Amino acid sequence: QRQDVGTSDEIGDLTLSFNKMADKLEERQKQLNFVLDKVEQERDFGKQIITAVQHGLFAINKKNGQILLSNDASKKLFPEKLDDEFSDVFLLDSINAQEEGKLKEIITQCQEVDDLLIQTKQDSTLQITTRVLPNKEQLLFSIMDVTEVIQNRTQQKLAANVFKNSQDGVLIFDSLGNLTLMNPEFTE
């Protein structure tokens with residue numbers, strides 16, 4: 001509380017100094033509260049973005065591969081391995097890769113990789129991208145299950161090869177009757 005300055009002696013000067021100090025502390029507290037509110041807003045925004053990302057995100061300790069943090073999408077990737085309490089869960093155990101050597105090397109050497117395809121022992125294909133976090137002791141793993149995408153591409157390539165190498169002439173028309181594709185056998 002501010003005191004009224006009633007005298008111009010040492011007590012008055014001391015009271016005036018106290019009031020100035022209280023004003024400065026109050027102003028500093030307002031600035032601090034403003035900064036803390038901004039930090040809280042940015043933190044909430046960051047959490048919203050991480051939650052909205054559909055890839056599994058994992059912050060990994062590079063010393064032992066332990067999962068430090070993960071988003072909700074990561075729990076959908078590995079539901080049997082991850083829950084809200086994963087104090088002793090390791091990424092290599094969660095992924096269960098056919099060849100763990102490359103993943104161990106990425107973790108221990110803190111390597112950044114883009115779109116690395118890893119086969120799991122459950123015959124899934126995972127696409128992995130990593131980034132070194134500023135902490136330097138941690139890696140951020142982005143993991144996406146691309147098994148279905150790869151199967152679809154394989155089927156499309158197979159269908160294209162059948163179309164191209166068919167012994168019969170094949171024409172494909174759109175709904176308006178326009179010719180859209182023909183295979184080499186037809187042109188022969």
Side-chain angles (χ1 to χ4, degrees), residues 42-168 170-175 178 180-185:
E42 289 178 16
R43 188 176 68 91
D44 288 344
F45 181 66
K47 279 185 176 180
Q48 290 172 3
I49 290 172
I50 289 170
T51 301
V53 171
Q54 297 302 307
H55 302 148
L57 296 176
F58 300 87
I60 305 299
N61 180 331
K62 88 165 198 173
K63 291 179 183 174
N64 60 10
Q66 182 180 8
I67 298 172
L68 303 173
L69 295 170
S70 69
N71 66 347
D72 290 340
S74 66
K75 293 174 183 121
K76 291 176 185 171
L77 268 176
F78 309 115
E80 66 283 351
K81 302 280 185 178
L82 299 177
D83 55 21
D84 291 332
E85 295 296 323
F86 46 84
S87 58
D88 289 327
V89 179
F90 298 86
L91 185 67
L92 293 178
D93 296 336
S94 297
I95 291 177
N96 202 13
Q98 288 181 2
E99 295 181 27
E100 290 185 357
K102 181 63 179 167
L103 285 176
K104 282 182 183 177
E105 182 182 324
I106 289 169
I107 292 171
T108 57
Q109 295 182 11
C110 247
Q111 294 177 351
E112 292 190 350
V113 297
D114 291 310
D115 304 328
L116 174 69
L117 295 179
I118 297 287
Q119 285 295 126
T120 69
K121 291 178 182 171
Q122 292 78 22
D123 291 324
S124 295
T125 304
L126 303 176
Q127 181 177 319
I128 297 176
T129 299
T130 63
R131 292 293 176 261
V132 177
L133 293 175
N135 180 319
K136 299 290 187 196
E137 293 297 316
Q138 297 173 0
L139 271 176
L140 177 67
F141 272 72
S142 171
I143 301 177
M144 188 169 60
D145 187 341
V146 293
T147 307
E148 197 173 305
V149 172
I150 289 177
Q151 288 172 346
N152 290 341
R153 282 187 196 155
T154 302
Q155 288 177 342
Q156 287 175 344
K157 286 179 183 178
L158 180 61
N161 280 335
V162 168
F163 177 77
K164 180 180 174 184
N165 297 314
S166 174
Q167 298 298 319
D168 298 322
V170 179
L171 295 173
I172 298 179
F173 295 90
D174 65 13
S175 61
N178 299 317
T180 58
L181 284 174
M182 73 178 80
N183 69 345
E185 188 63 28

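Since this is a predicted model, take the numbers as computed values, not measurements. In what follows, residues are counted from 1 in the order of the sequence shown.
- Looking at F141 and I67, their side chains never come closer than 4.5 Å, going by heavy atoms from C-beta outward.
- Judged as a side-chain contact (heavy atoms from CB on, under 4.5 Å), and not counting sequence neighbours, the contacts of K63 are N61, E137.
- Under the side-chain contact (heavy atoms from CB on, under 4.5 Å) criterion, D44 pairs with E40, not counting sequence neighbours.
- At most 12 non-hydrogen atoms from other residues, nucleotides or ligands lie less than 6.0 angstrom from CD of E148.
- Every pair tested for side chain to side chain donor-acceptor pair (under 3.5 Å) that includes a residue from residues 155-166 fails, sequence neighbours excluded, so the list is empty.
- Proximity of T130 to I60: side-chain heavy atoms (C-beta onward) are nowhere separated by under 4.5 Å.
- Between the N64 side chain and the F90 main chain, no donor and acceptor come within less than 3.5 Å of each other.
- Distance check: T180 OG1 to F173 CZ gives 8.0 Å after rounding to the nearest 0.5 Å.
- Evaluation of the side-chain hydrogen bond (donor to acceptor under 3.5 Å, both in side chains) rule for Q119 yields T125 as partners, not counting sequence neighbours.
- Counting heavy atoms from C-beta outward, L139 and L133 have side chains that stay 4.5 Å or more apart.
- For the atom pair CG of D115 and CD of Q127, the computed distance is 4.0 Å after rounding to the nearest 0.5 Å.
- D145 is linked by a side-chain contact (heavy atoms from CB on, under 4.5 Å) to L77, S124, L126, T147, counting only residues two or more places apart in sequence or in another chain.
- Under the rule for a side-chain contact (heavy atoms from CB on, under 4.5 Å), the partners of L181 that lie at least two apart in sequence or sit in another chain are F163, I172.
- Scanning all heavy atoms of the two residues, the minimum distance from Q167 to E185 falls at O-CG, 3.0 Å.
- Between the CD atom of Q138 and the CG atom of L140 there is a distance of 9.5 Å, given to the nearest 0.5 Å.
- Between L116 and V113, the shortest heavy-atom contact is CB-CG2, 4.3 Å.
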Show me the side-chain donor-acceptor pairs of residues 98-105 shorter than 3.5 Å, one per line, residues at least two apart or across chains.
from : atom 1 : to   : atom 2 : distance (Å)
Q98  : NE2    : T120 : O      : 3.1
E105 : OE2    : Q111 : NE2    : 3.2

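- In terms of heavy atoms, K62 sits closest to I107 at CB-O, 3.4 Å.
- For residues 122-134, every residue pair satisfying the salt bridge (Lys or Arg N to Asp or Glu O under 4.0 Å) rule, not counting sequence neighbours, is listed here: D114-R131.
- Of the possible donor and acceptor atoms, one in the side chain of N183 sits under 3.5 Å from a partner among the backbone N and O of V170.
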Item to check | Steps toward side chain to side chain contact (heavy atoms under 4.5 Å, CB included) verdict (L91, I143) | outcome: CA-CA 11 Å; L91 185 67; I143 301 177; 4.1 Å; yes
